[in-house]
Visitor: 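Let me give you the structure first, and then I'll get to my questions.
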Amino acid sequence: MEIGAVNSLSYEDFVDTFGNVVEKCPIIVAAVWSRRPFASLLDMEVSINEFIEALPESGREGILRCHPDLAGKDLQSGTLTEESREEQGHAGLDTLDAAEIAHMARLNTQYKLRFGFPFVICARMNNKATILRELSERLKNDRAVELACAIEEVKKICHLRLKTLMLHDLPNKL
Ligand SMILES: NC(=O)NC1=NC(=O)NC1=O
């Protein structure tokens, strides 16, 4: 999809197409729509990242809370969004055995108790081994560092979701 086609989208089609580039946070692209026309995909991505960075801490934490746990109940019950299902599957999280699922659940719970938001990592750039290692390592971060680190992961997820969408022609998506 050309950036010209993106700029020509109605508000509804824009949000319908890009609304989930940040998991379950369509408000972000609903806000960023006002900044069109975008010079490029990168320009649009910069607008999204600037919007996220300008949020108060509670807003950034809220974005993290909209993410499903890795190998969590949504994966087990098949209620992940299409994007999350593909990403978690790519990292091999859909083939964990019961012990591995329990281990992830324990670490996710520990992480959430410590930080008050879920562990977020760009699954498409990881596998179950690196995810477990990162989860264990990042548990040691102080809160401010970890919040920033998690938001950087959200931006990576968004970047890959945008790239995937731009590879498709508009009709396929709508
Ligand atoms: N908690 C998470 O990190 N969730 C996810 N990361 C991804 O890349 N996709 C997800 O659903």
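One-based numbering, in listed order, for ligands and for the atoms of each.
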Visitor: Kindly compute the distance separating NE2 (H90) from CG (N126), expressed to the nearest 0.5 Å.
Guide: 10.5 Å
Visitor: Any nitrogen or oxygen of D69, main chain or side chain, under 3.5 Å from a nitrogen or oxygen of ligand 1?
Guide: no
Visitor: Test of understanding: given a 4.0 Å heavy-atom threshold, classify the contact between Q88 and ligand 1 as side chain, backbone, both, or neither.
Guide: side chain
Visitor: With distance as the sole test, does R36 use its side chain to make a donor-acceptor pair with the main-chain N or O of S8 at under 3.5 Å?
Guide: no
Visitor: When you compare ligand 1 with V120, is there at least one nitrogen or oxygen pair between them that comes in under 3.5 angstrom?
Guide: no
Visitor: Going by the order shown, which atoms of ligand 1 are within less than 4.0 Å of some heavy atom of I157?
Guide: 6 (N), 7 (C), 8 (O)
Visitor: Got the closest protein heavy atom to atom 5 (C) of ligand 1, with its distance?
Guide: L70 CD2, 3.7 Å
Visitor: What pair of heavy atoms forms the shortest contact from R143 to E61, and how long is it?
Guide: NH1-OE2, 2.8 Å
Visitor: Can you pull out the closest protein heavy atom to atom 3 (O) of ligand 1? Residue, atom name and distance to 0.1 Å, please.
Guide: I121 N, 2.9 Å
Visitor: Before signing off on this row, confirm whether F119 and ligand 1 have an N or O atom pair separated by under 3.5 Å.
Guide: yes
Visitor: Can you tell me which residue and heavy atom of the protein come closest to atom 9 (N) of ligand 1, and the distance to 0.1 Å?
Guide: E87 OE1, 2.7 Å
Visitor: Please check whether S84 reaches ligand 1 - meaning an N/O of the residue sits under 3.5 Å from an N/O of the ligand, judged on distance alone.
Guide: yes
Visitor: What protein heavy atom lies closest to atom 8 (O) of ligand 1? Include the residue and the distance to one decimal.
Guide: A123 N, 2.8 Å
Visitor: So does D69 pair up with K112, basic N to acidic O under 4.0 Å?
Guide: yes
Visitor: Any donor-acceptor pair under 3.5 Å linking the side chain of E83 with the backbone of V21?
Guide: no
Visitor: Would E45 and E50 satisfy side-chain contact (heavy atoms from CB on, under 4.5 Å), going step by step from the backbone distance to the final call?
Guide: CA-CA 9 Å; E45 199 172 327; E50 284 175 353; over 6 Å; no
Visitor: Between L42 and L9, is there a shared hydrophobic cluster once you connect ILVMFWY residues whose side-chain heavy atoms come closer than 4.5 Å?
Guide: no
Visitor: For C122 and ligand 1, does the shortest N/O to N/O distance drop below 3.5 Å?
Guide: no
Visitor: Using 0.5 Å steps for rounding, measure from the NZ atom of K156 to the CZ atom of R161.
Guide: 15.0 Å
Visitor: Quick one: does P68 get within less than 4.0 Å of ligand 1, heavy atoms only?
Guide: yes
